[in-house]
Amino acid sequence: MSTSGTTIDPSRNGLAAVPERLRELVQALRVAPAIARFRAAEERFRGDEDVRALQARVRACHEQLQRAERANRHDPRLFQDAREAQALLQGHPAVAEFVASRQDAMDLLRDVNEAMTEVLGVDLGGSVRRACAC
């Protein structure tokens, strides 16, 4: 491995073990209950016909609202329809389970990042978020 023209001996500074340890971390995350619940909830969410129908209804309501807005026609019923469709979607059990499990998975990943930050003294997750911000 070379950095700025300097050769680094990975066996001397412990870098040789990093790829294997990273694979172990990823495997542990893959089987973590929070991640497993998220993956299962995501599969149910994406495969649920009722959810897809509700999503289509929400999209249709938003499109109607946009058309009415462009035509300068403000119809309170359209807003009410959109709110009702959104509430039905958010209240669907598959959606609620997906959202909750996604939050649990994100909490786990935040905890992993915090643990790595504590050991390394560098907030890798924060650095990536800042570098990717547009």
Is any side-chain heavy atom of E118 less than 4.5 Å from a side-chain heavy atom of E114? no

Can you find a pair of side-chain heavy atoms, one from E42 and one from F98, that are under 4.5 Å apart? yes

Sub-4.5 Å side-chain heavy-atom contact between H62 and Q86: yes

For the CD atom of E97 and the CZ atom of R44, what is their distance to the nearest 0.5 Å? 4.0 Å

Measure the CZ-CG distance between R70 and N72 for me, rounded to the nearest 0.5 Å. 12.5 Å

With heavy-atom distances below 4.5 Å as the criterion, would you say the side chains of I35 and L108 are in contact? yes

Per the side chain to side chain contact (heavy atoms under 4.5 Å, CB included) rule, which among D48, L89, D50 passes with Q55? L89

Side-chain contact, heavy-atom cut-off 4.5 Å: R39 with R30? yes

Looking at Q103, I want to see if its CD is surrounded by more than 12 non-hydrogen atoms of other residues, nucleotides or ligands under 6.0 Å. yes

May I ask you to test the V119-M116 pair for a side-chain heavy-atom distance under 4.5 Å? no

Do Q27 and V31 make a side-chain contact, defined as non-hydrogen atoms from C-beta onward lying under 4.5 Å apart? yes

Would a 4.5 Å heavy-atom cut-off, applied to side chains only, mark D104 and F38 as touching? no

